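See structure below.
Proteins get letters first, then strands, A, B, ... in listed order; numbering begins at 1 in each. Note that the coordinates shown come from a computational prediction; the quantities given were computed from them, not determined experimentally.
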Amino acid sequence: MPKTNEEVEELLGEWAELQQITGRDPYRVRAYEKAARSIGGYSKDLRELDDKGILAIPNVGKNMLGRIREYLDTGTMHELEDLREMVPAGMRELLRIPGLGPKKAILVYEQLGVTNLAELAAAAEANKLRDIKGLGAKTEESLLRGIRNYTAQEERIMVDQALQAADRIIATLSETCTFDEIAYAGSLRRMRETIGDIDILVAASEAEPIMDAFASMARVREVKAKGATKTTIVTRQGLQVDLRVVPYEAWGAALVYFTGSKAHNIKVREIAVKKGLKLSEYGLFHAKDGSIIAARTEEEVYEALGLPWIPPTMREDRGEVEAALAGTLPTPVDMTRDAVLEQRKKLKTLQKRYPKMTILHGCELNIAKDGTVDYDPEFLAGFDVLVASVHSYFRLSAEEQTARLIAAIENPLVNVIGHPSGRMIGRRPPIDMDFGAVCAAAIRTGTALEVNSFPDRLDLRDDHVRWAVEAGVTLSVDTDAHAPKHMDNIRFGIATAQRGWATKADVLNTRALKQLQEFVARKRKHA
DNA sequence: GCCGTTTTCGGCCCGACTGTTTTCAGTCG
């Protein structure tokens with residue numbers, strides 16, 4: 001990003017804040033914020049643009065052009081300088097305190113003469129804030145907490161730390177609650193380089209038990225807010241985590257909303273408004289009669305607005321919406337392929353070191369709603385064996401699920417269907433499907449069905465195993481290990497296979513290497 | 001202050017939660 005653009009972004013941002021504090025029209029303030037962001041994210045250097053070029057930047061009009069020109073010529077913006085003179089230097093910092101916006105900042109300035117953080121803290125500690133009309137004891141306490149947190153420098157954390165924390169919270173909730181979907185959203189999903197707070201989104205029919213479980217986690221230090229569908233906590237490490245529970249039907253709209261960025265959301269909602277629609281976390285609706293258009297998935301919401309699905313990592317209102325509208329949104333790099341090839345290289349090295357052992361390179365693929373899997377056939381052919389599994393869309397009709405699974409089974413490169421029913425014991429029911437038809441397709445195509453050994457899956461379960469064995473399906477008893485210690489789970493998978501009367505002959509991974517390779521090769525001949 | 005295929009004037013995203021109020025303003029994301 002050109003340096004000049006960053007400088008102008010910073011100045012216009014400061015200008016917007018100073019105007020907030022002086023009580024200017026909020027729409028004007030927003031116009032400055034929007035212009036600042038547009039300029040900051042613009043790929044061309046302001047210094048190399050003529051007037052027409054500068055006016056082509058979104059949210060930059062004649063007034064902004066004048067200020068930009070003044071800055072480029074003189075290195076200052078005189079109106080901003082004047083505004084700085086008018087506003088005490090410490091006032092901007094007040095806005096950094098959570099719960100303190102421009103209105104309260106003006107109030108404490110006018111009533112108590114507070115012009116900086118230290119004075120605000122002193123006033124709060126002397127219980128002077130509670131006497132101001134419109135504020136109260138609770139506001140005073142909450143601001144005092146906010147000041148302490150702020151001065152304790154609860155900084156943004158690194159993205160990998162945030163991811164770890166989010167994963168732990170999701171694991172805790174998964175152990176104790178029933179829900180349909182769970183995901184982290186916010187700046188973490190956008191993978192910003194640092195994360196201020198973590199957003200967790202859950203789809204469930206009942207919010208209350210999840211809110212309760214969330215608020216009572218061992219790592220919670222403080223519950224900042226707790227309502228019907230939204231709870232905010234602060235962890236012992238000082239990390240703020242927001243939880244929002246939405247209906248399953250609104251998952252996609254909620255994910256868009258909760259992922260942000262805020263600026264991206266505003267831009268997308270403006271498109272909705274122009275089309276006579278209304279977009280909220282509950283869905284995309286007709287503005288007139290409130291009838292729903294899309295909400296279940298992100299793809300459906302974007303599509304209904306005339307946009308392709310925009311990757312979360314690009315949702316910063318840096319021109320991605322305009323590019324999406326124009327059909328010029330690039331498909332960003334997907335490092336996954338490189339990582340896969342890197343892994344294959346490592347395996348080759350290991351193979352050389354252990355020549356007596358044959359190392360196979362496998363991969364678990366995701367089965368999409370329509371039964372397709374990740375990657376193109378050419379790339380997939382580079383693996384020795386492939387598992388494909390369902391990880392989403394658990395509520396499709398029996399017809400849709402059956403067709404979806406059969407489509408994956410008929411893929412010549414797919415050798416095993418992982419955890420075919422998708423159930424999580426005590427947490428998620430199995431998907432609805434015609435198991436007989438799935439078995440028939442597996443036999444016809446030479447595809448194995450998995451007996452997943454994870455204690456909370458055991459999928460296929462025992463009676464399905466027995467049915468499959470009697471039909472003549474080949475099984476694959478797998479650990480689904482995500483760590484070495486999970487290898488021990490194999491005993492549960494074997495026991496489940498035994499309970500379904502499976503013999504050694506029914507199980508693919510009891511066979512000799514050559515037989516396994518033949519199993520794969522036979523199916524690939526049909527590719 | 002910016003913007004426009006209903007507009008050059010009159011709009012400007014939307015809803016949850018809190019606290020201080022007796023129906024709503026402020027803040028947040």
Within residues 287-305 of chain A, the residues having a heavy atom closer than 4.0 Å to DNA chain B are none
Report which part of the nucleic acid A/Lys278 touches: base, sugar-phosphate, or nothing (heavy-atom distance under 4.0 Å, all strands).
sugar-phosphate
query = Counting only side-chain N and O atoms of A/Arg24, is one of them less than 4.0 Å from OP1 or OP2 of B/dG1?
reply = no
**OP:** Quick one: label A/Asn265 by what it contacts on the DNA or RNA (base, sugar-phosphate, nothing), any heavy atom closer than 4.0 Å.
**Re:** nothing
The correct set of residues in residues 63-87 of chain A placing a heavy atom under 4.0 Å from DNA chain B is A/Asn63, A/Met64, A/Arg67
Rounded to whole Å, the NZ-C1' distance (A/Lys224 to B/dC17) equals 12 Å
| query | With sugar-phosphate meaning primed atoms plus P, OP1 and OP2, does A/Val29 contact a base, only sugar-phosphate, or nothing at under 4.0 Å between heavy atoms? | reply | nothing
Pi-cation contact, A/Tyr248 with A/Arg296 (under 6.0 Å, within 45°):
yes
request  = Could you work out the separation of B/dT21 and B/dA16 based on their P atoms and round it to a whole Å?
outcome  = 24 Å
### Task
Measure the acute angle between the ring planes of A/Tyr32 and A/Trp15, then classify it against the limits of 30° and 60° as parallel, tilted or perpendicular.
tilted
- Task: Tell me, with the steps shown, if A/Leu243 and A/Ile169 meet side chain to side chain contact (heavy atoms under 4.5 Å, CB included).
- Result: CA-CA 10 Å; A/Leu243 173 76; A/Ile169 290 166; over 6 Å; no
Note: for A/Thr231 and A/Val273 on DNA chain B, the residue whose nearest nucleotide lies more 5' is A/Val273
With B for base contact, S for sugar-phosphate-only contact and - for none (protein heavy atoms under 4.0 Å), nucleotides 19-29 of chain B reads SSS----SSSB
Checklist line | A/Tyr32 side-chain N/O to B/dG1 phosphate OP1/OP2 under 4.0 Å | finding: yes
Can you pull every protein N or O that's under 3.5 Å from an N or O on nucleotides 4-11 of chain B?
none

By the Watson-Crick or G-U definition, both distances under 3.5 Å, B/dA16 is matched with B/dT27
Within residues 108-127 of chain A, the residues having a heavy atom closer than 4.0 Å to DNA chain B are none
query: A/Lys267 near the nucleic acid: base, sugar-phosphate alone, or nothing, with a heavy-atom cut-off under 4.0 Å?
result: nothing
The complete set of ring pair (Phe, Tyr, Trp, His ring centres under 6.0 Å) pairs with one or both residues in residues 186-226 of chain A, sequence neighbours excluded, reads none
Its glycosidic angle compared against 90° from 0, B/dT21 adopts the form anti
C1' spacing across the pair B/dC13 / B/dG29, given as an integer number of angstrom: 12 Å
Regarding the side chain of A/Ala228, the nearest nucleotide among B/dC17, B/dC12, B/dC13 is B/dC17
